[in-house]
**Q** 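There's a structure below that I have some questions on.
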Amino acid sequence: APAQAPAQAPDEPLGKESTPLSSSDLPLSPADPPLPGAEFPLYLQLGKRTEIYKKEILAATSAGKQCLVLCPDMISCEAVYNALLPGLEDRLFCFHSKRTTKELGRAKRELYAGYPCAVVGMHQALLLPFTHPGLIVVEREEHPGHKKTDALPLLHSRDAAMMLGHIFASRVILGSASPSLETLYNLNLGKYKMYPGIPTPGIPTPGIPTPGIPTPGIPTPGIPTPDLPSQQVTVINTSLSYPAVSAAELIDFRTREKIDQCKAEGREVLLIQGDPSLWEELPQEENVTWCRPFQTHHHLKPNTGLVCFLGMDVFLSGKNFRATEQACHLMADLLCWAAAQPTAVTEPTSATICVQTSNVQHPIFEYLQTGSIHNAFSALLQERQTFRYPPYTRLVHITVWHHNKTTAKEKINLLHSRLLKAQTGIRIEGPFEPTVWHSLHFAYRLQCTLPKTSKAQATKNTLAAIIKTTPLAPARYRIDVDPG
């Protein structure tokens, strides 16, 4: 069975097989050599990246090569396509399910015939009949939408793009406003390189005593700084608010004042709701738009005057070990967007960005107010190493579900006992109930942690063999692998 992961791999409580860990228990990975190919994968950290993408596409198509630009969602596809279209009208295609059959068919025929052209798409675009792709771009490489779990093919488009680039010896560019921890980790190891010609100041690297990684506090040339622009974030402490912020009253009175002021100026308000339980019950107001966290970039407009993140406490407290990292990415995108907005006489100030929280002691708010996001990324990498989480390990989640709770529990316990008897050498935690499960069935999950020093493919083959020989029917199972 192919391995796949949910959009957000949850950080679940440790099970009865877990033991206390320290950073000394984890063997440190040396700087592995990059994948063989034309060159190292490149990372582009910039707010506005489409002009560089266009320059790369023009160079590749002029050389007779084909290009692929991968986006995490459909709206991003359309936005990138429209930005790239001038100058590439006869060589650019947008490939997703809402486009006409005629347009999708033409894109396939052009690629199959070997004509130099470019395709902007999502996961399905990876399966198009490319003959000689010379350029592969992963836009918003940190976005969890690159992990596809709702329909086939079940894959992570960023990782699949890296493999496609390896097969065809293509130039691979990962672009975002702030790097994912996996990308930052690979940059520190020298497996990725920074995009040339873009000035990026050094970043103090985390205090990880790995050979080849500099000591903390010493800037590293060529490694990106995820520091935010000088735009400040307003943190609204709701712990002492009256009336208290609740499900019935989502907006603090100070936030309400900012909303009223913004609407009086004739500008629009964007409210981001981080509590998924409230997405279906949001009040409707004129010039006020509500959205989910990972859809924020869909709703940012030149006339937006206020962006406020509500439900940040729920977002950060969810059982998702990537929550803080994802919050940093969301805020970095917002601040880069706000800094890039042109100011006019009628609008002398850029958009205001604020966050409601009752836990102002959380480290992310200090980082947001000082702009030192590199400290947040450094601390997160240290935590991941200490507690053996990606990118320092590999996670495999095995979920068993059935409409009968007793059956599901018996089958997961049977699988758990067989995995323990096999003595695979991997850490197995659980079983526990997954926190994110969009089904009416009863589900239980095992979390397997594979150290980077292990033979990943051999371990996966062993797990697959054990699962196939375990009589799990009538229950069903699913295997998910990180990254999420």
Side-chain angles (χ1 to χ4, degrees), residues 4-8 48-51 53-54 57 61 66-113 115-130 133 135-161 164 173-176 268 270 272-273 276 279-280 282 284 289-304 330 333 337 438 484:
Q4 60 269 8
Q8 300 179 28
K48 292 186 176 181
R49 302 174 289 276
T50 51
E51 289 303 317
Y53 295 161
K54 182 183 290 189
I57 291 172
T61 53
Q66 298 167 337
C67 307
L68 172 62
V69 181
L70 288 168
C71 299
D73 51 56
M74 196 176 298
I75 295 180
S76 296
C77 279
E78 292 291 341
V80 172
Y81 172 77
N82 291 329
L84 295 175
L85 193 58
L88 289 170
E89 291 84 355
D90 57 337
R91 288 174 285 177
L92 186 66
F93 300 94
C94 189
F95 192 93
H96 58 70
S97 59
K98 297 301 181 182
R99 288 281 174 162
T100 63
T101 305
K102 180 179 179 180
E103 183 178 0
L104 301 183
R106 184 184 168 214
K108 293 178 182 179
R109 290 191 299 272
E110 295 272 331
L111 291 172
Y112 184 73
Y115 295 132
C117 59
V119 175
V120 180
M122 298 186 293
H123 312 80
Q124 293 281 357
L126 286 160
L127 307 180
L128 290 173
F130 289 95
L135 173 68
I136 302 173
V137 176
V138 183
E139 166 67 349
R140 295 184 179 273
E141 58 90 17
E142 86 292 355
H143 198 285
H146 281 294
K147 187 68 179 182
K148 187 174 178 63
T149 60
D150 55 348
L152 295 174
L154 300 170
L155 50 79
H156 196 300
S157 57
R158 182 185 64 199
D159 295 346
L164 185 65
I173 299 176
L174 309 177
S176 65
E268 296 190 17
L270 178 60
I272 308 167
Q273 180 52 264
W279 283 339
E280 304 300 329
L282 301 176
Q284 302 297 319
T289 302
W290 293 80
C291 74
R292 306 186 185 199
F294 299 115
Q295 297 175 349
T296 303
H297 57 286
H298 300 172
H299 303 280
L300 295 174
K301 305 175 183 177
N303 193 38
T304 301
L330 289 168
D333 285 341
W337 167 82
H438 306 289

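Basis for what follows: all heavy atoms, side chains included, without hydrogens, waters or symmetry-related copies.
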**Q** If you round to the nearest 0.5 Å, how far is CG of Leu126 from CG of Leu70?
**A** 4.5 Å

**Q** Which residue in the set Ile173, Val120, Val80 passes side-chain contact (heavy atoms from CB on, under 4.5 Å) when paired with Glu139?
**A** Val80

**Q** Starting at CD of Gln295, measure out to CG of Leu300 and round the result to the nearest 0.5 Å.
**A** 12.0 Å

**Q** To the nearest 0.5 Å, what is the distance between CE (Met74) and NZ (Lys98)?
**A** 6.0 Å

**Q** Considering only heavy atoms from C-beta outward, does the side chain of Thr304 approach that of Trp337 to under 4.5 Å?
**A** yes

**Q** Considering only residues two or more places apart or on different chains, which pairs with a residue in residues 71-90 satisfy side chain to side chain donor-acceptor pair (under 3.5 Å)?
**A** Asp73-Ser76, Asp73-His297, Asp73-His298, Ser76-His297, Glu78-His96, Glu78-Arg99

**Q** Any side-chain to backbone donor/acceptor pair from His146 onto Asp159? Under 3.5 Å, distance only.
**A** no

**Q** Counting C-beta onward and ignoring hydrogens, is there a side-chain heavy-atom pair between Arg91 and Tyr115 closer than 4.5 Å?
**A** no

**Q** Could you pull out the closest heavy-atom pair between Cys71 and Cys77, with the gap in Å?
**A** CB-SG, 3.7 Å

**Q** Tyr53 and Gly175: which non-hydrogen atoms are nearest, and at how many Å?
**A** OH-CA, 3.4 Å

**Q** Determine the minimum heavy-atom distance between Leu111 and Cys117, stating which atoms define it.
**A** CD2-SG, 3.6 Å

**Q** Atom CZ of Arg106 and atom CZ of Phe93: how far apart are they, to the nearest 0.5 Å?
**A** 4.0 Å

**Q** Side chains of Leu68 and Leu164: does their closest heavy-atom pair fall under 4.5 Å?
**A** yes

**Q** Could you report the tightest heavy-atom contact between Ser157 and His123, atom names first, then the distance?
**A** CB-CD2, 3.9 Å

**Q** Counting C-beta onward and ignoring hydrogens, is there a side-chain heavy-atom pair between Phe294 and Leu330 closer than 4.5 Å?
**A** yes

**Q** About how many Å separate CG of Leu127 and NZ of Lys108, when rounded to the nearest 0.5 Å?
**A** 10.0 Å

**Q** Check whether Thr61 reaches the backbone of Ile57 with its side chain - one donor and one acceptor, N or O, closer than 3.5 Å.
**A** yes

**Q** Can you give me the closest heavy-atom contact between Phe130 and Ala125, atom names plus distance?
**A** CE1-O, 3.4 Å

**Q** Using every non-hydrogen atom in the two residues, find where Pro293 and Ile272 come nearest and quote the distance to one decimal.
**A** CA-CG2, 3.6 Å

**Q** Is Asp333 close to Glu142 at the side-chain level, that is, under 4.5 Å between some pair of heavy atoms?
**A** yes

**Q** Without swapping roles, check the side chain of His299 against the backbone of Trp290 for a donor-acceptor pair under 3.5 Å.
**A** no

**Q** Measuring from Lys54:NZ to Leu92:CG, what's the distance to the nearest 0.5 Å?
**A** 9.5 Å

**Q** Compare all side-chain heavy atoms of Ser97 with those of Gln124 and state whether any distance is below 4.5 angstrom.
**A** no

**Q** Ignoring hydrogens and angles, tell me if any N or O in the side chain of Lys148 forms a donor-acceptor pair with the backbone of Met122 under 3.5 Å.
**A** no

